[in-house]
Amino acid sequence: YCEKSRHLVWAMPIYILANLSFVAAGGYAYWRYLQFRAAKFKGAEAVHAIAWVTASIGILGVYNYFFRSDPTLWAQVAVIMIYVFGFFTIFIRYVIGLKWKHVGVGVLGFALINYLNIELHNPREMNGAVFYLPILLVLVIFSAHLHAQHKPGTLLFIQASVLFMFAVFLRMLDATVCESTGIGTLVLWLVCTSISLSFLPDVLAR
């Protein structure tokens, strides 16, 4: 990354400050979760699902601090995929309403798509943005489903998806912009991603 100069936690001060956006997003999501819990949703599982998504946002932020001190591709992928597959599972179970056996099939199918994407492409293509293509595809499918079903939270989910797509575009530009200006777009990638994530507990609740 453009800002990184050496293998130390504080080698990327701009990145670390930008990563506070995840902490802020997690705090906001937790505040919303407390409001959802007070609303007494039907079914404890759904409330626990929202809590899991909320906690994961903060965990991503905290982990990113330490990951950047000694980055490895699979270390980063592991944490991100825990969040991605967790949200994927929660969405098709509680929003789409599939039975658990069908959820299992869906998760395996999504895992296969991600595996093939990594096998068929260099994970560092497009400055690592190629890794997020299956996720973007799923966001489009989920948005289409919500729109077709006229479900509450559709517009918010579409906004979050578009913002994340823009964030992936910023990540793709990071190396190119860095060569020209000395300052990449990684910080904007982080901020846009964290804002997008902060929308998701609201989408699930609605």
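Keep in mind the model is a prediction, meaning the values are calculated, not measured.
- Distance OH/Tyr132 to CZ/Arg171: 4.5 Å, rounded to 0.5 Å.
- In this structure, the side chains of Cys192 and Leu170 come closer than 4.5 Å at one or more pairs of heavy atoms.
- Annotation: side chain of Val203 is not in contact with side chain of Phe87 (no heavy-atom distance under 4.5 Å).
- Residues Leu136 and Val140 have side chains not in contact (no heavy-atom distance under 4.5 Å, counting atoms from C-beta outward).
- Here Asn114 pairs with nothing under the side-chain hydrogen bond (donor to acceptor under 3.5 Å, both in side chains) rule; sequence neighbours left out.
- Taking SG of Cys178 as the start and CG of Asn127 as the end, the distance is 9.5 Å to the nearest 0.5 Å.
- Residues passing the side-chain contact (heavy atoms from CB on, under 4.5 Å) test with Leu98 are Ile92, Ile96, His102, Val103, sequence neighbours excluded.
- Linking ILVMFWY residues whenever their side-chain heavy atoms come closer than 4.5 Å, directly or via other members, places Val168 and Phe85 in the same cluster.
- Linking Ile, Leu, Val, Met, Phe, Trp and Tyr residues whenever their side-chain heavy atoms come within less than 4.5 Å leaves Met165 and Ile113 in two separate clusters.
- With sequence neighbours excluded, no residue satisfies side-chain hydrogen bond (donor to acceptor under 3.5 Å, both in side chains) with Ser196.
- To the nearest 0.5 Å, the span separating CG on Leu112 from CG on Asn117 amounts to 11.0 Å.
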N/O donor to acceptor pairs below 3.5 angstrom from side-chain atoms of residues 150-160, sequence neighbours left out:
from, atom 1, to, atom 2, distance (Å)
Lys151, NZ, Val95, O, 2.3
Thr154, OG1, Leu146, O, 3.2
Thr154, OG1, Lys151, O, 2.5

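- The hydrophobic cluster of Leu108 has no other members, since no ILVMFWY side-chain heavy atom comes under 4.5 Å of it.
- Aromatic ring centres of Trp189 and Phe166 lie farther apart than the 6.0 Å criterion allows.
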Worked verdict on Leu137 versus Leu133 for side chain to side chain contact (heavy atoms under 4.5 Å, CB included):
CA-CA 6 Å; Leu137 174 63; Leu133 294 181; over 6 Å; no

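- Shown here for Ala25 and Ser198, the closest heavy-atom pair between the two residues is CB-CB, 3.8 Å.
- Atom CZ of Phe164 and atom CG of Leu200 lie 10.0 Å apart (nearest 0.5 Å).
- Atom CG of Leu188 sits about 12.0 Å away from atom CZ of Phe169, to the nearest 0.5 Å.
- The ring-ring contact (aromatic ring centres under 6.0 Å, His included) search around Phe88 returns Phe110, Phe142, not counting sequence neighbours.
- Atoms CE and CG, from Met126 and Leu173 in turn, are 10.0 Å apart once rounded to the nearest 0.5 Å.
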